[in-house]
Amino acid sequence: MSFIASFMNLAGPDLIIILLIILVLFGAKKLPELARGMGQAVKEFQKAKDEFNDELHKAGQADANTTTPAQSFPQNPPTATASGTRPYPNQTIPPGDQTKPV
């Protein structure tokens, strides 16, 4: 309550007047029900927020677990042969292994 009072810069008498107006509007019997309802609403909000944070955390962990390391190239890549296989782009082909275009 003091947070609200300091946030809105309300002094003691102003806060008492506001509380009396609330008491007159809602009545003494309704105030506990309103407070209980507000408590349940805050509890539900906190529960939904925690579930959302848990889902984000689980999704982040799942993404971290499913990433694969970078693929490495084989040590001896295939060279161009008469069967028509192509070499890797950065591989050099010795002059005797080159095939002629058809």
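Positions are given from 1, in the same order as the sequence printed here.
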* **Interatomic distance, Ile17 atom CD1 to Ile22 atom CD1 [nearest 0.5 angstrom]** => 12.5 Å

* In sequence, state the C-alpha distance, the side-chain angles, and the governing distance for Glu33 and Lys30, and then conclude on salt bridge (Lys or Arg N to Asp or Glu O under 4.0 Å). => CA-CA 5 Å; Glu33 293 175 20; Lys30 287 286 185 181; 3.8 Å; yes

* Structure fact -> Here the gap from Leu56 atom CG to Glu51 atom CD, rounded to the nearest 0.5 Å, amounts to 12.0 Å

* Which distance, rounded to the nearest 0.5 Å, do you find between the CD of Gln61 and the NZ of Lys58? -> 9.0 Å

* Please answer: with hydrophobic residues joined when any side-chain heavy atoms are less than 4.5 Å apart, are Leu25 and Ile18 in the same cluster? => yes

* Determine, using the 4.5 Å side-chain heavy-atom cutoff (strictly less than), whether Leu34 and Ile21 are members of one ILVMFWY cluster. => yes

